[in-house]
Amino acid sequence: MPKILVFAGSWRPGSMNTRLATLVAKKLAAAGAEVTQISLGDYPLPLIDARAFDNDPPAEAKALAALVEAHDGLFIVSPEYNAGYPPALKNALDWISIVRSGGPGLRGKVVALGGASAGSLGTYRCLTQLRTVLELGFGALLVPEMLAVAGADKAYGEDGELSDRRTAGFLDKVIARLIKVAAMHP
């Protein structure tokens with residue numbers, strides 16, 4: 001079974017996306033994947049700029065890149081900020097790319113995307129943008145499905161599971177696809 005790294009692009013207390021990432025990690029483990037869930041908040045990184053190419057990357061960037069390297073796939077859960085993905089998420093991905101030199105920063109990695117928002121579109125607008133950046137800029141292989149949980153402030157039952165059967169079923173499909181493709185991808 002593949003090793004999957006799970007993280008959210010938000011780490012604020014009470015984040016709907018951290019909650020979704022925790023559910024994703026639980027479901028991936030139940031499906032047999034070896035799962036590591038992290039918080040990007042544990043890897044404080046300076047804003048990347050042109051000087052990053054001339055200096056030794058920070059230890060946090062090296063540690064984050066090593067985690068990516070050690071996993072077959074990633075499940076990234078992203079909040080939507082003004083119809084886009086968070087700058088801190090892009091900054092972390094850029095640092096990973098600097099450390100994993102020799103090509104795009106996520107080459108060889110299979111990635112699934114999800115997000116949660118109280119709004120009616122979930123995080124669909126940000127996920128489509130993030131998908132493009134990950135495929136074209138970072139060289140990731142993305143699974144076709146993306147999970148955008150709308151009304152996330154009311155989307156969970158007392159058991160922590162998604163209440164809407166359709167959304168829960170779709171999450172299961174995304175997880176199954178990620179495991180299948182990550183297990184097949186060299």
Side-chain angles (χ1 to χ4, degrees), residues 2-29 33-49 51-52 55-100 104-106 109-119 122-131 133-134 137-138 140 142 146-150 152-153 155-156 160-162 171 174-175 178 182:
K3 293 176 69 175
I4 307 294
L5 180 64
V6 178
F7 60 88
S10 173
W11 54 88
R12 70 172 175 75
S15 164
M16 289 181 259
N17 288 280
T18 299
R19 185 173 188 182
L20 180 58
T22 300
L23 178 60
V24 165
K26 174 183 156 189
K27 289 190 166 287
L28 279 163
E34 186 178 331
V35 180
T36 304
Q37 183 180 358
I38 62 166
S39 169
L40 288 180
D42 292 335
Y43 301 86
L45 295 165
L47 289 177
I48 199 163
D49 61 19
R51 293 172 291 184
N55 297 311
D56 192 36
E60 294 86 352
K62 290 177 183 177
L64 193 53
L67 272 172
V68 168
E69 192 66 40
H71 289 80
D72 304 304
L74 291 80
F75 198 118
I76 301 173
V77 180
S78 181
E80 185 170 298
Y81 290 9
N82 299 313
Y85 51 89
L89 175 58
K90 177 70 163 63
N91 191 57
L93 294 169
D94 285 338
W95 274 113
I96 290 167
S97 193
I98 294 287
V99 175
R100 291 187 81 219
L106 294 178
K109 301 301 170 185
V110 178
V111 178
L113 296 176
S117 168
T123 55
Y124 185 76
R125 295 174 296 187
C126 107
L127 295 179
T128 58
Q129 292 174 26
L130 184 55
R131 174 182 202 85
V133 168
L134 291 173
F138 290 93
L142 274 90
M146 299 185 301
L147 177 71
V149 178
D153 54 331
Y156 298 91
E161 298 286 330
L162 291 168
L171 173 57
V174 175
I175 286 170
L178 175 59

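For this chain, numbers begin at 1 and follow the sequence in order. Fair warning: this is a prediction, and the values are worked out from it, not measured in the lab.
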Fill in the blank from the handout: So NZ of Lys109 and CD1 of Ile4: to nearest 0.5 Å the spacing works out to 9.5 Å
Problem - Set of side chain to side chain contact (heavy atoms under 4.5 Å, CB included) partners for Gln129, sequence neighbours left out - result: Tyr85
Handout entry: Within 6.0 angstrom of Asn55 CG, more than 12 heavy atoms from elsewhere
Key = yes
Completion exercise
Applying side chain to side chain donor-acceptor pair (under 3.5 Å) to Arg131 and not counting sequence neighbours gives none
Fill in the blank from the handout: Distance col, row Leu5:CG vs Leu74:CG, nearest 0.5 angstrom, shows 5.0 Å
Handout entry: Heavy-atom side-chain proximity of Met146 to Val174 below 4.5 angstrom
Key = no
Problem - Any Pro79 side-chain heavy atom under 4.5 Å of Pro86 side chain - result: yes
Handout entry: Within-4.5 Å side-chain heavy-atom neighbours: Phe7 and Val77
Key = no
Fill in the blank from the handout: Rounded to the nearest 0.5 angstrom, the CG-CG distance for Leu89 and Leu40 is 6.5 Å
Problem - Test item: Glu80 side-chain N/O and Cys126 main-chain N/O as donor-acceptor pair under 3.5 Å - result: yes
Completion exercise
For Lys3, the side chain to side chain donor-acceptor pair (under 3.5 Å) test, sequence neighbours excluded, returns none
Handout entry: Heavy-atom side-chain proximity of Tyr81 to Pro87 below 4.5 angstrom
Key = yes
Practice task
Write out all pairs satisfying side-chain hydrogen bond (donor to acceptor under 3.5 Å, both in side chains) with one or both partners inside residues 61-74, taking only residues at least two apart or from two chains.
Solution key: Thr36-His71, Asp56-Lys62, Glu69-Arg100
Handout entry: Which residues share a side chain to side chain donor-acceptor pair (under 3.5 Å) with Asp49, sequence neighbours left out
Key = Arg51
Fill in the blank from the handout: Contacts satisfying salt bridge (charged side-chain N to carboxylate O under 4.0 Å, His left out) that involve residues 83-93 (not counting sequence neighbours) are Lys90-Asp94
Exercise for the section: Could you list all the salt bridge (charged side-chain N to carboxylate O under 4.0 Å, His left out) pairs where at least one residue sits in residues 6-19, not counting sequence neighbours? Expected result: none
Practice task
Give, for atom CZ of Phe138 and atom CG of Leu130, the distance between the pair rounded to the nearest 0.5 Å.
Solution key: 9.0 Å
Problem - Trp95 side chain to Glu60 backbone, donor-acceptor under 3.5 Å - result: no
Handout entry: Shortest non-hydrogen contact between Ala116 and Ala152, atoms and distance
Key = CB-CB, 3.6 Å
Handout entry: Sub-4.5 Å side-chain heavy-atom contact between Tyr43 and Leu67
Key = yes
Exercise for the section: Quick one: pull up CG in Leu20 and OG in Ser78 and give me the separation to the nearest 0.5 Å. Expected result: 11.0 Å
Exercise for the section: Check whether any side-chain heavy atom of Leu23 sits under 4.5 Å from a side-chain heavy atom of Leu171, and report yes or no. Expected result: yes
Problem - Any residue meeting side chain to side chain donor-acceptor pair (under 3.5 Å) with Thr128, in chain and number order, not counting sequence neighbours - result: none
Exercise for the section: For residues Leu147 and Leu113, determine if any side-chain heavy atom of one lies less than 4.5 Å from a side-chain heavy atom of the other. Expected result: no
Completion exercise
The side chain to side chain contact (heavy atoms under 4.5 Å, CB included) partners of Ala150 (sequence neighbours excluded) come to none
Fill in the blank from the handout: Smallest heavy-atom separation, Ile48 atom then Asn91 atom, equals N-OD1, 2.9 Å
Handout entry: Qualifying residues under side chain to side chain contact (heavy atoms under 4.5 Å, CB included), relative to Ala118, sequence neighbours excluded
Key = Met16, Asp153
Problem - Minimal non-hydrogen separation, Gly105 against Ile96, with atom names - result: O-CG2, 3.8 Å
Exercise for the section: Answer whether the closest heavy-atom distance between the side chains of Ser39 and Thr18 falls below 4.5 Å. Expected result: no
Exercise for the section: Under the side chain to side chain contact (heavy atoms under 4.5 Å, CB included) rule, collect the residues that match up with Ala148, sequence neighbours excluded. Expected result: Thr123, Tyr124, Leu127
